[in-house]
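To start, the structure under review is shown below, and the notes come after it.
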Amino acid sequence: MEKILDIISKKMAQAFEAAGYDAAFGKVTVSNRPDLCEYQCNGALAAAKQYKCAPIQIANAVAEKLDAADFSMIDAVMPGFINLKLSDAFLQNYLEQMRTAPDFGVEKLGAGKTVVVDYGGPNVAKPLHIGHLRSAIIGESLKRLYKFFGYNTIGDIHLGDWGLQMGLIIAELRCRQPELVYFDPDYTGEYPAEAPFTISELEEIYPAAAAKKKEDEAFAEEAHVATFELQNGRPGYRALWQHIMRLSLADMRKIYDDLDVHFESWLGESDADPYIPAMIADMKEKGYAVQSEGAWVIPVAEESDKKEVPPCILVKSDGSAIYATTDLATMVQRMQDFKPHKLFYITDKRQALHFEQVFRAAKKCGIVPEETELEHLGFGTMNGKDGKPFKTREGGVMRLEVLIREMTDFVRAKVVENKIVEDSEVEATTKKIAMAALKYGDLSNQPTKDYVFDMDRFAAFEGNTGPYILYTIVRIKSILAKYGAWENLPIQAAANVYAKELMLAITKLGPNLENALRTSAPNVICAYIYELAGCVNKFYHETRILTEEDKSLQAGYIALIALAKNILEQCIALLGFSAPEKM
Ligand code: ARG
């Protein structure tokens with residue numbers, strides 16, 4: 001569906017033309033004085049310079065030419081503004097179209113286009129911690145938004161499963177249990193199906209090995225060798241790696257499922273490995289890769305750089321590939337498999353330079369064609385109330401499952417205390433409210449900014465929070481349930497000023513979702529539904545709905561709040577959570 005601003009801008013342009021002026025002056029904007037009008041056009045002021053006459057004269061002439069059926073107010077005011085309010089008929093008609101069109105008539109801007117969203121990015125064998133939360137939450141939301149706009153969308157978790165952490169675990173295991181068959185170079189039999197460690201042992205092995213590496217140079221060297229041998233296919237190490245992957249992934253899947261975060265593709269850095277040799281050979285042959293202090297690098301500095309952008313390192317002097325290498329090789333794979341229009345990465349903003357280097361190298365070497373868009377969304381830090389990166393009470397990094405559990409326990413206590421639902425519903429309802437609190441608490445902030453994690457505030461049922469949005473939806477659902485069959489009632493003309501405000505808010509769905517998509521900003525969706533929920537609640541407080549005796553009027557109220565509910569539900573689905581039946 002065409003957006004309202006576009007429709008009335010067109011009408012305004014025609015009115016300028018009909019009055020004898022250039023149609024280009026007929027641009028309409030949302031009013032910056034909502035107390036006076038809903039939309040406005042300032043074109044007469046600019047036109048006055050060209051036509052050398054008083055702006056108000058032009059504004060008056062243009063206002064004459066507008067179709068009075070579309071507007072309940074057309075006001076030409078000094079010095080030459082044209083102030084507008086939409087007519088009831090226009091709004092009714094527009095909302096009825098939104099109600100009956102697929103996806104509320106939002107235009108499918110992504111039809112025929114493919115985007116790969118790279119988010120999550122957990123590292124195998126290391127527990128997920130809160131640093132991975134934002135990538136998961138923001139990435140999932142943006143991915144859903146792309147899907148909504150009709151893009152063919154592939155969310156790829158891009159596991160960190162190939163680096164030194166693997167070598168560290170193998171080396172540490174070798175110190176502890178050198179007798180295991182995995183370390184016997186002459187062994188030719190089958191390797192055991194069961195891993196020689198549990199997931200909790202694995203989670204203890206990694207930090208122990210990482211700490212040892214810092215103090216013990218010989219051990220660090222062993223870990224490097226183990227990494228190198230793993231990557232070069234030493235069978236025992238491959239078998240161990242399989243065990244680590246299986247245990248670690250099962251654990252990860254559980255947590256991502258809990259978060260309602262789902263990836264279409266579970267590839268990792270290791271899957272990029274087969275693409276590396278040919279890619280590097282090509283880069284050397286074409287002269288993009290050059291040698292520098294024993295390493296192979298791609299210079300990516302540009303003249304216009306204000307800060308130094310160091311070369312992108314491809315192969316280190318010890319012959320090993322690094323983070324940038326796997327990212328470039330992954331691009332080769334993604335271009336081959338999906339021919340995407342866009343590659344989109346969501347990570348901590350401290351990786352901004354890495355992506356700048358990789359993007360430049362990819363374009364320079366022709367791995368990614370000029371027209372393919374590359375975007376890195378770097379998000380800020382989740383801080384504690386002290387303004388420092390969020391920590392456990394003991395000062396350590398908080399594991400993601402602990403954070404989720406703490407939020408869930410906090411919400412459950414409220415649900416139980418306020419006797420919100422039957423005992424059998426407590427868990428399911430708690431989970432939905434906790435997710436809303438956690439995700440909205442994060443997503444309502446501009447992604448690039450740091451924010452303070454505040455459980456009390458995020459889980460409050462009032463204020464700009466996820467639970468408040470859920471509460472609004474649940475309230476509408478309960479009215480609809482009491483009313484009866486509401487699904488097919490047509491939209492009516494606004495019955496009062498609160499209805500009209502709600503209708504105007506509903507019309508802004510499309511522009512807000514487009515804005516969120518264009519600026520990679522789920523916070524725009526949050527701000528929109530907060531405004532919409534506010535309009536719903538005002539309307540509800542000022543209007544007798546269920547006790548209204550005029551049945552036709554009542555049907556109109558019901559149709560309006562039902563549309564608002566459907567839109568709110570669609571929007572929270574885009575944010576990655578859903579509403580319970582009761583709250
Ligand atoms: N595993 C990485 C980390 O923990 C994040 C991966 C992000 N994605 C990428 N294609 N580099 O920092």
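Both counts, for ligands and for their atoms, begin at 1 and track the order of listing. No experiment lies behind these values; they were computed from the predicted model shown.
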Exercise. Please collect all ring pair (Phe, Tyr, Trp, His ring centres under 6.0 Å) contacts where either partner lies in residues 274-328, sequence neighbours excluded, each pair once.
Key: Tyr323-His354
Exercise. Tell me, please, which residues at least two apart from Leu532 pass side chain to side chain contact (heavy atoms under 4.5 Å, CB included).
Key: Leu502, Ala505, Ile506, Tyr528, Ile567, Leu568
Quiz item: Could you give the distance from CE (Met331) to NZ (Lys363), rounded to the nearest 0.5 Å?
Solution: 9.0 Å
Quiz item: Within 45 degrees of the axis of the six-membered ring of Phe148 and under 6.0 Å from its centre: does Lys143 put its NZ or CZ there?
Solution: no
Identify all pairs of nitrogen or oxygen atoms, one from ligand 1 and one from the protein, separated by less than 3.5 Å, and list them with distances.
residue  : atom   : partner : partner atom : Å
ligand 1 : 1 (N)  : Gly121  : O            : 2.9
ligand 1 : 1 (N)  : Asn123  : OD1          : 2.8
ligand 1 : 4 (O)  : Gly121  : O            : 3.4
ligand 1 : 4 (O)  : Asn123  : ND2          : 3.0
ligand 1 : 8 (N)  : Asp118  : OD1          : 3.1
ligand 1 : 10 (N) : Asp118  : OD2          : 2.9
ligand 1 : 10 (N) : Asp327  : OD1          : 2.7
ligand 1 : 11 (N) : Tyr323  : OH           : 2.8
ligand 1 : 11 (N) : Asp327  : OD1          : 3.3
ligand 1 : 11 (N) : Asp327  : OD2          : 2.8
ligand 1 : 12 (O) : Gln351  : NE2          : 2.9

Self-check item: Residues forming a side chain to side chain contact (heavy atoms under 4.5 Å, CB included) with Asp348, sequence neighbours excluded
Solution: Arg350, Phe379
Quiz item: Can Lys342 and Tyr146 be counted as having a side-chain donor-acceptor contact under 3.5 angstrom?
Solution: yes
